[in-house]
Amino acid sequence: MKNLVLNQIPYVLNETNFNFLGEKYEGKVRDNYLKNGIRFLVTTDRQSAFDKVLTTIPFKGQVLNQMAVHWFKKTAHIVDNHIIDYPDPNVVVAKECEMLAVEMVVRACLAGGGWRDYEAGKSLSGIELPKGLKKYQKLPELILTPSTKAEKGKHDLPISEEEILAQGLVEKKLWDECKEKTFALFRLGQEEAAKQGLILVDTKYEFGLVDGKLTLADEIHTMDSSRYWLESSYQERFESGLDPEMLDKEPIRQWLIAQNYMGDGPIPEFTDEHRAEIAMRYIDAFKIITANDFNCEVGSVDERIEKNMRNYIA
Ligand SMILES: Nc1ncnc2c1ncn2[C@@H]1O[C@H](COP(=O)(O)OP(=O)(O)OP(=O)(O)O)[C@@H](O)[C@H]1O
Ligand SMILES: [Mg+2]
(Lines give C-alpha, C1' and ligand atoms only; values in the text may rest on other atoms or scores of the structure.)
(Ligands and ions follow the chains in the order given, each with its own letter.)
Protein backbone atom coordinates (compact mmCIF):
# COMPACT_ATOMS: atom_id res chain seq x y z
CA MET A 1 0.00 0.00 0.00
CA LYS A 2 2.73 2.44 0.98
CA ASN A 3 4.48 1.96 -2.38
CA LEU A 4 1.29 2.41 -4.29
CA VAL A 5 0.65 5.69 -2.52
CA LEU A 6 4.25 6.89 -2.97
CA ASN A 7 4.01 6.04 -6.68
CA GLN A 8 0.94 8.25 -6.97
CA ILE A 9 2.75 11.34 -5.66
CA PRO A 10 3.91 12.56 -9.11
CA TYR A 11 0.28 12.37 -10.27
CA VAL A 12 -1.43 14.31 -7.48
CA LEU A 13 -4.20 16.66 -8.53
CA ASN A 14 -3.14 20.13 -7.42
CA GLU A 15 -4.65 22.40 -10.03
CA THR A 16 -7.32 21.93 -12.67
CA ASN A 17 -8.17 23.68 -15.89
CA PHE A 18 -11.31 22.07 -17.24
CA ASN A 19 -12.55 25.20 -18.93
CA PHE A 20 -14.90 23.09 -21.07
CA LEU A 21 -16.92 22.51 -17.85
CA GLY A 22 -17.70 26.21 -17.45
CA GLU A 23 -16.66 29.14 -15.36
CA LYS A 24 -14.21 28.19 -12.61
CA TYR A 25 -14.44 29.05 -8.92
CA GLU A 26 -11.51 27.83 -6.87
CA GLY A 27 -12.10 26.82 -3.23
CA LYS A 28 -9.28 25.69 -1.04
CA VAL A 29 -9.88 22.03 -1.76
CA ARG A 30 -12.36 21.89 -4.62
CA ASP A 31 -12.48 23.49 -8.03
CA ASN A 32 -16.06 24.33 -8.95
CA TYR A 33 -17.14 24.80 -12.56
CA LEU A 34 -20.44 26.41 -13.39
CA LYS A 35 -22.46 26.05 -16.54
CA ASN A 36 -26.20 26.44 -17.21
CA GLY A 37 -27.38 25.81 -13.65
CA ILE A 38 -25.03 22.86 -13.23
CA ARG A 39 -22.12 22.84 -10.82
CA PHE A 40 -19.26 20.42 -11.38
CA LEU A 41 -17.38 19.92 -8.11
CA VAL A 42 -13.88 18.60 -8.70
CA THR A 43 -12.24 17.53 -5.45
CA THR A 44 -8.48 18.00 -5.78
CA ASP A 45 -5.72 16.44 -3.66
CA ARG A 46 -5.02 19.77 -1.96
CA GLN A 47 -4.72 19.58 1.82
CA SER A 48 -5.82 22.55 3.86
CA ALA A 49 -5.51 23.31 7.56
CA PHE A 50 -5.91 26.57 9.44
CA ASP A 51 -7.68 27.86 6.32
CA LYS A 52 -4.54 27.58 4.19
CA VAL A 53 -3.61 25.13 1.44
CA LEU A 54 -0.42 23.46 2.66
CA THR A 55 0.39 20.48 0.49
CA THR A 56 -1.15 17.76 -1.66
CA ILE A 57 -1.95 14.21 -0.55
CA PRO A 58 -2.20 11.38 -3.10
CA PHE A 59 -5.75 10.00 -3.51
CA LYS A 60 -7.17 12.49 -1.01
CA GLY A 61 -9.55 14.05 -3.55
CA GLN A 62 -10.98 10.67 -4.41
CA VAL A 63 -11.33 9.74 -0.73
CA LEU A 64 -13.19 12.95 0.07
CA ASN A 65 -15.42 12.89 -2.98
CA GLN A 66 -16.39 9.24 -2.65
CA MET A 67 -17.04 9.71 1.04
CA ALA A 68 -19.43 12.57 0.28
CA VAL A 69 -21.18 10.50 -2.41
CA HIS A 70 -21.49 7.59 0.04
CA TRP A 71 -23.25 9.80 2.59
CA PHE A 72 -25.41 11.64 0.06
CA LYS A 73 -26.77 8.26 -1.03
CA LYS A 74 -27.32 7.08 2.55
CA THR A 75 -29.25 10.22 3.48
CA ALA A 76 -31.28 10.79 0.32
CA HIS A 77 -34.46 9.65 2.09
CA ILE A 78 -34.06 12.38 4.70
CA VAL A 79 -33.57 15.38 2.46
CA ASP A 80 -33.08 16.11 -1.25
CA ASN A 81 -29.46 16.70 -2.15
CA HIS A 82 -27.65 18.46 -4.95
CA ILE A 83 -26.20 15.36 -6.60
CA ILE A 84 -27.12 14.66 -10.19
CA ASP A 85 -24.30 12.29 -11.06
CA TYR A 86 -20.70 11.29 -10.26
CA PRO A 87 -19.01 10.47 -13.53
CA ASP A 88 -15.50 10.27 -12.04
CA PRO A 89 -14.11 9.30 -8.60
CA ASN A 90 -13.10 12.94 -8.03
CA VAL A 91 -16.16 14.64 -9.52
CA VAL A 92 -19.74 15.34 -8.56
CA VAL A 93 -22.23 16.89 -10.96
CA ALA A 94 -24.62 18.95 -8.87
CA LYS A 95 -27.67 21.13 -9.14
CA GLU A 96 -26.79 24.77 -8.66
CA CYS A 97 -28.53 25.89 -5.47
CA GLU A 98 -29.41 29.26 -4.08
CA MET A 99 -27.36 28.82 -0.91
CA LEU A 100 -28.66 29.82 2.50
CA ALA A 101 -26.59 32.47 4.24
CA VAL A 102 -25.71 30.24 7.19
CA GLU A 103 -23.89 26.97 7.74
CA MET A 104 -25.45 24.38 10.05
CA VAL A 105 -22.88 23.12 12.55
CA VAL A 106 -23.88 20.27 14.88
CA ARG A 107 -21.86 19.07 17.84
CA ALA A 108 -22.13 15.92 19.93
CA CYS A 109 -18.85 16.57 21.78
CA LEU A 110 -16.83 19.59 22.76
CA ALA A 111 -13.91 19.90 20.33
CA GLY A 112 -12.27 22.28 17.88
CA GLY A 113 -13.59 25.81 17.71
CA GLY A 114 -16.47 24.89 20.02
CA TRP A 115 -14.04 23.92 22.76
CA ARG A 116 -11.87 26.99 22.15
CA ASP A 117 -14.86 29.34 22.54
CA TYR A 118 -16.14 27.48 25.60
CA GLU A 119 -12.71 27.61 27.22
CA ALA A 120 -12.57 31.36 26.55
CA GLY A 121 -15.87 31.73 28.43
CA LYS A 122 -17.93 32.52 25.32
CA SER A 123 -21.33 31.12 24.46
CA LEU A 124 -21.48 28.80 21.44
CA SER A 125 -23.60 30.60 18.84
CA GLY A 126 -25.71 31.87 21.74
CA ILE A 127 -25.88 28.54 23.58
CA GLU A 128 -24.73 28.66 27.21
CA LEU A 129 -23.32 25.27 28.11
CA PRO A 130 -23.05 24.07 31.72
CA LYS A 131 -19.87 25.02 33.56
CA GLY A 132 -17.06 22.55 34.17
CA LEU A 133 -17.12 20.62 30.90
CA LYS A 134 -13.81 19.20 29.75
CA LYS A 135 -12.16 19.19 26.33
CA TYR A 136 -13.54 16.32 24.17
CA GLN A 137 -16.44 15.67 26.58
CA LYS A 138 -19.68 14.28 25.18
CA LEU A 139 -22.38 16.94 25.48
CA PRO A 140 -25.59 16.19 27.38
CA GLU A 141 -27.45 16.66 24.07
CA LEU A 142 -26.70 17.61 20.48
CA ILE A 143 -26.26 21.31 19.96
CA LEU A 144 -26.64 23.42 16.84
CA THR A 145 -23.99 26.14 16.55
CA PRO A 146 -24.60 27.86 13.21
CA SER A 147 -22.14 30.19 11.54
CA THR A 148 -22.36 32.80 8.84
CA LYS A 149 -20.96 31.94 5.44
CA ALA A 150 -17.95 34.24 5.16
CA GLU A 151 -16.64 35.51 1.84
CA LYS A 152 -13.66 33.76 0.32
CA GLY A 153 -10.53 34.14 2.44
CA LYS A 154 -12.41 35.16 5.60
CA HIS A 155 -13.28 33.08 8.64
CA ASP A 156 -16.88 32.03 9.26
CA LEU A 157 -18.34 33.58 12.40
CA PRO A 158 -20.69 31.94 14.91
CA ILE A 159 -24.23 33.32 14.94
CA SER A 160 -27.18 32.50 17.18
CA GLU A 161 -30.53 31.18 16.00
CA GLU A 162 -32.13 34.36 17.36
CA GLU A 163 -29.84 36.55 15.29
CA ILE A 164 -30.42 34.49 12.15
CA LEU A 165 -34.17 34.99 12.52
CA ALA A 166 -33.96 38.61 13.69
CA GLN A 167 -31.76 39.54 10.75
CA GLY A 168 -34.02 37.60 8.40
CA LEU A 169 -31.06 35.58 7.08
CA VAL A 170 -33.42 32.60 6.84
CA GLU A 171 -37.16 32.90 7.30
CA LYS A 172 -38.73 31.01 10.19
CA LYS A 173 -40.50 28.21 8.35
CA LEU A 174 -37.46 27.36 6.23
CA TRP A 175 -35.24 27.61 9.29
CA ASP A 176 -37.36 25.11 11.19
CA GLU A 177 -37.20 22.67 8.29
CA CYS A 178 -33.49 23.18 7.98
CA LYS A 179 -32.99 22.51 11.68
CA GLU A 180 -35.11 19.39 11.63
CA LYS A 181 -33.21 17.98 8.63
CA THR A 182 -29.89 18.90 10.20
CA PHE A 183 -30.59 16.88 13.35
CA ALA A 184 -32.03 13.97 11.37
CA LEU A 185 -28.92 13.86 9.17
CA PHE A 186 -26.63 14.01 12.14
CA ARG A 187 -28.49 11.28 14.04
CA LEU A 188 -28.26 8.99 11.04
CA GLY A 189 -24.58 9.83 10.77
CA GLN A 190 -24.10 8.95 14.44
CA GLU A 191 -25.93 5.62 14.07
CA GLU A 192 -23.98 4.62 10.97
CA ALA A 193 -20.69 5.70 12.54
CA ALA A 194 -21.49 3.70 15.68
CA LYS A 195 -21.91 0.56 13.55
CA GLN A 196 -18.32 1.10 12.45
CA GLY A 197 -17.08 1.67 16.00
CA LEU A 198 -16.88 5.43 15.52
CA ILE A 199 -18.18 8.55 17.14
CA LEU A 200 -19.40 11.26 14.79
CA VAL A 201 -18.22 14.21 16.85
CA ASP A 202 -19.35 17.24 14.89
CA THR A 203 -20.08 18.33 11.37
CA LYS A 204 -21.15 21.16 9.12
CA TYR A 205 -23.96 21.13 6.55
CA GLU A 206 -24.68 23.67 3.85
CA PHE A 207 -28.22 23.88 2.49
CA GLY A 208 -29.62 25.67 -0.49
CA LEU A 209 -32.83 25.94 -2.47
CA VAL A 210 -33.62 24.43 -5.84
CA ASP A 211 -36.95 25.66 -7.21
CA GLY A 212 -37.83 26.65 -3.66
CA LYS A 213 -37.10 23.18 -2.27
CA LEU A 214 -34.65 22.66 0.58
CA THR A 215 -31.63 20.83 -0.77
CA LEU A 216 -28.48 19.61 0.93
CA ALA A 217 -25.48 20.91 -1.01
CA ASP A 218 -21.70 21.07 -0.70
CA GLU A 219 -20.35 17.95 1.06
CA ILE A 220 -21.58 15.68 3.83
CA HIS A 221 -19.80 13.87 6.66
CA THR A 222 -16.40 14.05 4.97
CA MET A 223 -13.18 14.40 6.90
CA ASP A 224 -12.97 18.03 5.78
CA SER A 225 -16.37 18.83 7.28
CA SER A 226 -16.58 16.41 10.23
CA ARG A 227 -14.68 14.86 13.08
CA TYR A 228 -14.68 11.11 13.73
CA TRP A 229 -13.17 9.41 16.80
CA LEU A 230 -12.73 5.77 17.76
CA GLU A 231 -15.44 4.75 20.21
CA SER A 232 -13.52 1.82 21.74
CA SER A 233 -10.81 3.90 23.37
CA TYR A 234 -12.74 7.13 23.86
CA GLN A 235 -13.95 6.74 27.45
CA GLU A 236 -10.75 5.38 28.91
CA ARG A 237 -8.64 8.01 27.19
CA PHE A 238 -11.04 10.78 28.17
CA GLU A 239 -10.88 9.74 31.81
CA SER A 240 -7.07 9.63 31.67
CA GLY A 241 -6.95 13.09 30.12
CA LEU A 242 -5.71 11.75 26.77
CA ASP A 243 -6.85 12.94 23.35
CA PRO A 244 -9.26 10.60 21.58
CA GLU A 245 -7.97 8.53 18.65
CA MET A 246 -9.01 10.60 15.68
CA LEU A 247 -9.79 9.77 12.06
CA ASP A 248 -9.77 13.36 10.95
CA LYS A 249 -7.49 16.29 10.23
CA GLU A 250 -6.51 16.82 13.85
CA PRO A 251 -3.21 14.88 13.69
CA ILE A 252 -2.14 17.15 10.82
CA ARG A 253 -3.07 20.25 12.80
CA GLN A 254 -1.17 18.98 15.82
CA TRP A 255 1.92 18.24 13.75
CA LEU A 256 1.73 21.76 12.31
CA ILE A 257 1.41 23.31 15.75
CA ALA A 258 4.47 21.30 16.86
CA GLN A 259 6.30 22.94 13.91
CA ASN A 260 5.12 26.31 15.22
CA TYR A 261 2.63 26.78 12.39
CA MET A 262 -0.93 27.96 12.97
CA GLY A 263 -1.76 29.52 9.64
CA ASP A 264 0.79 32.34 9.42
CA GLY A 265 4.39 32.44 8.31
CA PRO A 266 6.31 29.92 6.24
CA ILE A 267 4.59 26.56 5.67
CA PRO A 268 6.50 23.61 7.16
CA GLU A 269 7.75 21.11 4.62
CA PHE A 270 5.81 17.88 4.18
CA THR A 271 8.17 15.11 3.06
CA ASP A 272 6.90 12.54 0.55
CA GLU A 273 7.07 9.96 3.30
CA HIS A 274 4.80 12.08 5.48
CA ARG A 275 2.39 12.76 2.61
CA ALA A 276 2.17 9.03 1.95
CA GLU A 277 1.45 8.36 5.62
CA ILE A 278 -1.33 10.93 5.61
CA ALA A 279 -2.73 9.36 2.44
CA MET A 280 -2.80 5.95 4.06
CA ARG A 281 -4.60 7.37 7.07
CA TYR A 282 -7.21 8.91 4.76
CA ILE A 283 -7.68 5.66 2.86
CA ASP A 284 -7.97 3.64 6.08
CA ALA A 285 -10.47 6.14 7.41
CA PHE A 286 -12.48 5.82 4.19
CA LYS A 287 -12.62 2.06 4.56
CA ILE A 288 -13.69 2.24 8.20
CA ILE A 289 -16.24 5.01 7.79
CA THR A 290 -17.94 3.71 4.66
CA ALA A 291 -17.36 -0.03 5.22
CA ASN A 292 -16.33 -0.09 1.56
CA ASP A 293 -13.11 -0.93 -0.20
CA PHE A 294 -11.09 1.86 -1.69
CA ASN A 295 -10.04 1.44 -5.28
CA CYS A 296 -6.74 3.20 -5.91
CA GLU A 297 -5.25 3.23 -9.35
CA VAL A 298 -1.87 4.85 -9.88
CA GLY A 299 -1.90 7.30 -12.77
CA SER A 300 -2.83 10.79 -13.87
CA VAL A 301 -5.99 11.94 -12.11
CA ASP A 302 -6.10 15.01 -14.29
CA GLU A 303 -6.14 13.02 -17.54
CA ARG A 304 -8.72 10.56 -16.23
CA ILE A 305 -11.08 13.37 -15.18
CA GLU A 306 -10.63 15.15 -18.50
CA LYS A 307 -11.53 11.96 -20.35
CA ASN A 308 -14.50 11.05 -18.14
CA MET A 309 -15.92 14.55 -18.19
CA ARG A 310 -15.54 15.04 -21.94
CA ASN A 311 -17.45 11.79 -22.38
CA TYR A 312 -20.03 12.87 -19.84
CA ILE A 313 -20.91 16.16 -21.46
CA ALA A 314 -20.66 14.85 -25.04
N1 LIG B 1 -24.87 22.77 -5.20
C2 LIG B 1 -24.36 23.96 -4.89
N3 LIG B 1 -24.92 25.08 -5.38
C4 LIG B 1 -24.41 26.30 -5.11
N5 LIG B 1 -23.34 26.50 -4.35
C6 LIG B 1 -22.74 25.40 -3.81
C7 LIG B 1 -23.21 24.09 -4.04
N8 LIG B 1 -22.42 23.22 -3.38
C9 LIG B 1 -21.48 23.97 -2.75
N10 LIG B 1 -21.68 25.28 -2.99
C11 LIG B 1 -20.90 26.44 -2.54
O12 LIG B 1 -19.80 26.57 -3.40
C13 LIG B 1 -18.77 27.30 -2.78
C14 LIG B 1 -17.46 26.70 -3.13
O15 LIG B 1 -17.28 25.57 -2.37
P16 LIG B 1 -15.86 25.05 -1.87
O17 LIG B 1 -16.12 24.38 -0.57
O18 LIG B 1 -15.26 24.30 -2.96
O19 LIG B 1 -14.98 26.35 -1.63
P20 LIG B 1 -14.90 27.34 -0.40
O21 LIG B 1 -16.03 27.08 0.54
O22 LIG B 1 -14.74 28.70 -0.95
O23 LIG B 1 -13.56 26.97 0.25
P24 LIG B 1 -13.24 25.89 1.37
O25 LIG B 1 -14.43 25.03 1.61
O26 LIG B 1 -12.11 25.14 0.77
O27 LIG B 1 -12.87 26.71 2.54
C28 LIG B 1 -19.11 27.33 -1.30
O29 LIG B 1 -19.53 28.62 -0.98
C30 LIG B 1 -20.29 26.35 -1.18
O31 LIG B 1 -21.18 26.77 -0.21
MG1 LIG C 1 -16.42 24.97 1.47
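Atoms within each ligand, like the ligands themselves, are counted from 1 in listed order. Only this structure's heavy atoms are used, side chains among them; waters, hydrogens and symmetry mates stay out.
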Next item on the list: Quick one: which residue pairs count as a salt bridge (Lys or Arg N to Asp or Glu O under 4.0 Å) with a foot in residues 204-214, not counting sequence neighbours?
Entry: Asp80-Lys213, Lys149-Glu206, Lys204-Glu206, Lys204-Asp218
Check: Say you draw a straight line from CD of Gln66 to OG1 of Thr290; how long is it, rounded to the nearest 0.5 Å?
Finding: 8.5 Å
Next item on the list: Go through the steps to decide whether Glu177 and Lys173 satisfy the test salt bridge (charged side-chain N to carboxylate O under 4.0 Å, His left out), and finish with yes or no.
Entry: CA-CA 6 Å; Glu177 189 186 355; Lys173 191 156 163 276; over 6 Å; no
Margin query: Which protein residues come within less than 4.0 angstrom of ligand 1, counting heavy atoms only?
Written below: Tyr25, Gly27, Lys28, Val29, Arg30, Asn32, Arg39, His82, Lys95, Glu96, Cys97, Met99, Lys149, Glu206, Ala217, Asp218
Item checked: Partners meeting side-chain hydrogen bond (donor to acceptor under 3.5 Å, both in side chains) with Glu297 (sequence neighbours left out) -> none
Checklist line | Validation row: Glu250, Asp243 side chains within 4.5 angstrom (heavy atoms) | finding: no
Checklist line | Listed once per pair and sorted, the ring pair (Phe, Tyr, Trp, His ring centres under 6.0 Å) pairs that draw on residues 282-309, sequence neighbours left out | finding: Phe286-Phe294
